[in-house]
Amino acid sequence: MSGPASRARVVLVGPPGAGKSTVGQVLARLLAVELLDTDDAVERREGRTISDIFIEDGEPHFRALEHAEVLRALAEHDGVVALGGGAVEHPDTREALLTVPVVYLEVSMAKALPRVGLSGARPLLVESPRARWKALMDSRRPLYQEVAGLVVDTDTEPVERLATLVAEALERGDLRPRSEA
Ligand code: S3P
C-alpha cells in the first residue's frame, strides 16, 4: 500500500559523497523550485547538528527524526528533496517513496570519500571511513536501487549534466513515481 501522493517533484537518494545537495541545487534551479535537504531540515528543527544528535541521543533517535522529516518533506515540499544517505533504510520511508519520482546518484568509494572529507559532519564515517562506507553500501545499494526510477553515475558526469539529465527525464515523463509505473 502506498500512502498519500507526494507534493515533492523529485527525490534524490544515494550515499554520503554522491553529491545529492550539489546536484539538487542545480536541478532545483532548472525546475524553478526550491531544494529541501532533509539533513538540514532535521538540524534546523532540532537546533543542533546531526553529529550532536548522534552523540547526545544515539543513531536510532536520529533515524526517527529523519523519518518524520522525510514524510513531512514529501507531503509538503513542492520542489526537489535530497535525502540523507541512510534514510532509505527505514521501510516506511521506502514505501512513501513509491509516490514520487526518485533518482539514485551512484558514486564509487574513491570519489565519495574525498568529497565527504574527514570532518565530523558524517558521524558514521568518522572511524575507518573506507570500511564503514563499503559496509554501508553493501547493505544499502539494493535499497537505493529498489526505490529509484532512474540511476545516474556521478563519477563520470559533471553536476550540470546530471541535473539536466534528471530534468529532461521528468519533462519527457520517463521518470515517474513507481506507484504509477
Ligand atoms: C548518513 C548520511 C548523512 C546524514 C547522517 C547519516 C548516513 O547524510 O544523514 O550523517 O547514514 O549515511 P548525507 O548522505 O547527506 O551525508
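We're numbering straight along the sequence, starting at 1. Order of listing sets the numbers, starting from 1, for every ligand and every atom in it.
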For atom 6 (C) of ligand 1, the option (of Arg63, Glu69, Glu66) bearing the nearest heavy atom: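 Heavy atom nearest to atom 6 (C) of ligand 1 belongs to Arg63.
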Who's closest to atom 4 (C) of ligand 1 heavy-atom-wise, of Asp39, Asp40, Leu124?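 The residue whose heavy atom sits nearest atom 4 (C) of ligand 1 is Asp39.
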Which of the atoms of ligand 1 are close to [X], meaning less than 4.0 Å from one of its heavy atoms?
X: Arg140; result: 7 (C), 11 (O), 12 (O)
X: Phe62; result: 9 (O)
X: Gly85; result: 2 (C), 8 (O), 12 (O), 13 (P), 14 (O)

Could you see if Leu83 belongs to whatever hydrophobic cluster contains Val103? Use Ile, Leu, Val, Met, Phe, Trp, Tyr and a side-chain cutoff under 4.5 Å.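 No, Leu83 does not connect to Val103 through the hydrophobic network.
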Is there a donor-acceptor contact under 3.5 Å from the side chain of Arg94 to the main chain of Glu89?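 Indeed, once roles are kept as given, a pair shorter than 3.5 Å links the two residues.
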Lys20 side chain to Gly14 main-chain N or O, any donor-acceptor pair under 3.5 Å?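 Side chain of Lys20 to backbone of Gly14, a donor-acceptor pair under 3.5 Å: yes, one is there.
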Looking at Glu171, I want to see if its CD is surrounded by more than 12 non-hydrogen atoms of other residues, nucleotides or ligands under 6.0 Å.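 No, because the 6.0 Å sphere around CD of Glu171 holds 12 heavy atoms or fewer from other groups.
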Determine whether the side chain, the backbone, both or neither of Arg115 has a heavy atom under 4.0 Å from any heavy atom of ligand 1.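 Neither part.
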Is the ring pair His67/His90 parallel, tilted or perpendicular, if the boundaries are 30 and 60 degrees?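 Parallel, since the angle between the ring planes stays under 30°.
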